[in-house]
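Computed over heavy atoms, backbone and side chain alike; hydrogens, waters and symmetry mates excluded. Count residues from 1 along the sequence.
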Amino acid sequence: MNEMPKILSRDNAKLVMARKVRDGKIGDMIFLEGLRLAEEAIRSTLNFSECFMTAAFAETERGREMIRALGTRGERISEVADSLFQSIADTKNSQGIILLAERPRNGLSSIEKNINDASSALVVFLEEVNDPSNLGAVFRTAEAAGVAGIVVSKRSADVFATKALRAAMGASLRVPVWENVDLTDGISWSRDLGLRTTATDISARVEYTELDWTVPRLVVFGSEAHGLRREALDMVDDIVLIPMQNGVESLNLAVSAGIILFEAVRQKSI
């Protein structure tokens, strides 16, 4: 603890920078708050620019472990007075650790490699998903289903916004992502790689379990509020239905993604 420089002013340049990153005002940096995200970040290949801790967190067993882990990477840690830490935190009850890191680079090449390495690869396309928590939850679901990567359209929430990062619980630091892609370009790209394009819609006549999910596919999901536009549905090869009862017409986006992706997992395991 004594070796950590202490920040005692709210106007300290590092804290000013942290608030700008938190608020999305510095596009090439991301804000990681909380023990779970910090641990995931340290296990990743992210490059950190700043590390902040409260004295209370640093004195815990997990805090000491974090200090050792950061130390092995050669990272410097600043101790922030408890009364100031909340001025940079994005949560009401912060755990007392925040990292600033370089934004992960475009993952297109990694997605393509994963597709080439798998005979039945799945790629998720998120079309205008505006809710960062929903977007992050899909990342977590998609990682669990072993997708090759995720493509995110223009006018979607920022994959690396604070809420999206927390909802993804580290998945967005591991799953390759290609951002700001027009659906038309994404579909053209996927077809060049031999993927069939697929979407869900309540008007479909084929149930999702009837489709062959052992072939490589790009699965397109729209926002929870609006779904996919008719012109978007007209672009895809296959449209499937998730049957619902009691007059329910839509599901939470991450739930829909889970149903579809784990049907693919089930079929590939047979």
Side-chain angles (χ1 to χ4, degrees), residues 1-107 130-133 135-137 139-140 152 156-175 177 179-180:
M1 281 294 301
N2 292 334
E3 297 179 358
M4 279 198 267
K6 297 183 180 182
I7 296 178
L8 302 174
S9 169
R10 190 181 190 282
D11 297 324
N12 179 278
K14 291 184 177 182
L15 298 193
V16 172
M17 169 72 76
R19 287 189 284 270
K20 288 181 179 178
V21 176
R22 177 198 64 194
D23 296 340
K25 295 180 178 178
I26 301 180
D28 59 354
M29 294 180 67
I30 63 174
F31 183 95
L32 302 151
E33 180 178 357
L35 179 60
R36 174 67 180 271
L37 265 182
E39 288 175 337
E40 296 291 354
I42 288 170
R43 285 194 285 267
S44 75
T45 58
L46 288 178
N47 295 316
F48 302 128
S49 60
E50 297 291 346
C51 309
F52 304 103
M53 283 186 191
T54 62
F57 175 78
E59 290 170 357
T60 65
E61 181 178 351
R62 301 289 289 278
R64 290 191 291 271
E65 290 174 358
M66 188 64 62
I67 291 170
R68 286 193 292 271
L70 288 164
T72 61
R73 291 176 52 123
E75 305 292 347
R76 295 282 309 240
I77 308 167
S78 296
E79 178 189 333
V80 180
D82 291 352
S83 59
L84 296 177
F85 199 85
Q86 199 59 41
S87 77
I88 61 171
D90 191 55
T91 59
K92 290 183 179 179
N93 298 301
S94 181
Q95 292 177 302
I97 179 166
I98 289 171
L99 306 177
L100 306 184
E102 291 181 7
R103 186 184 182 93
R105 296 181 179 178
N106 192 317
N130 307 121
D131 187 308
S133 296
L135 187 146
F139 267 80
R140 188 179 179 195
V152 181
S156 287
D158 184 354
V159 173
F160 299 104
T162 55
K163 287 184 180 179
L165 283 166
R166 286 199 298 273
M169 296 185 72
S172 48
L173 303 180
R174 295 182 293 266
V175 177
V177 57
E179 299 176 272
N180 299 314

Interatomic distance, [X] atom [atom1] to [Y] atom [atom2] [nearest 0.5 angstrom]:
| X | Y | atom1 | atom2 | value |
| --- | --- | --- | --- | --- |
| I42 | R68 | CD1 | CZ | 11.5 Å |
| F52 | L32 | CZ | CG | 12.0 Å |
| E79 | L8 | CD | CG | 8.0 Å |
| L15 | L84 | CG | CG | 6.5 Å |

Taking all heavy atoms of [X] and all of [Y], pick out the closest pair and write down the distance.
| X | Y | answer |
| --- | --- | --- |
| G170 | L37 | N-CD2, 3.9 Å |
| I88 | A18 | CG2-CB, 4.0 Å |
| M17 | M29 | SD-SD, 4.3 Å |
| M53 | G63 | CE-O, 4.1 Å |
| S156 | V152 | CB-CG1, 3.5 Å |
| A41 | S44 | O-OG, 2.6 Å |

Crowding at [atom1], [X] (>12 non-hydrogen neighbours, <6.0 Å):
| X | atom1 | result |
| --- | --- | --- |
| R166 | CZ | yes |
| R105 | CZ | no |
| R43 | CZ | yes |

(request) With sequence neighbours left out, write down each residue that passes salt bridge (Lys or Arg N to Asp or Glu O under 4.0 Å) with R64, or none if nothing qualifies. (result) none

(message) If the condition is salt bridge (Lys or Arg N to Asp or Glu O under 4.0 Å), which residues does E39 pass it with, not counting sequence neighbours?
(response) R62

(request) Determine, stepwise, if the pair I98 / V80 fulfils side-chain contact (heavy atoms from CB on, under 4.5 Å). (result) CA-CA 10 Å; I98 289 171; V80 180; over 6 Å; no

(message) Under a plain distance cut-off of 3.5 Å, with no hydrogens placed, do S94 and E33 share a side-chain donor-acceptor pair?
(response) yes

(request) For the pair R174 and E40, evaluate side-chain contact (heavy atoms from CB on, under 4.5 Å) and give the outcome as yes or no after the intermediate values. (result) CA-CA 9 Å; R174 295 182 293 266; E40 296 291 354; 2.4 Å; yes

(request) Please determine which of L99, I26, L100 meets the side chain to side chain contact (heavy atoms under 4.5 Å, CB included) test together with F31. (result) L100

Side chain to side chain, [X] and [Y], heavy atoms closer than 4.5 Å:
| X | Y | answer |
| --- | --- | --- |
| S172 | L135 | no |
| E179 | D158 | yes |
| L165 | D90 | no |

(message) With a 3.5 Å distance limit and no angle check, can you tell me whether T60 reaches the backbone of F57 through a side-chain donor-acceptor pair?
(response) yes

(request) Determine which pairs satisfy side-chain hydrogen bond (donor to acceptor under 3.5 Å, both in side chains) with at least one residue from residues 19-29, sequence neighbours left out, and list them in order. (result) R19-S87

(message) Checking M66 against I77 for the side-chain contact (heavy atoms from CB on, under 4.5 Å) test, could you report, in this order, the C-alpha distance in whole Å, the side-chain angles of both residues, the deciding distance, and whether it holds?
(response) CA-CA 10 Å; M66 188 64 62; I77 308 167; over 6 Å; no

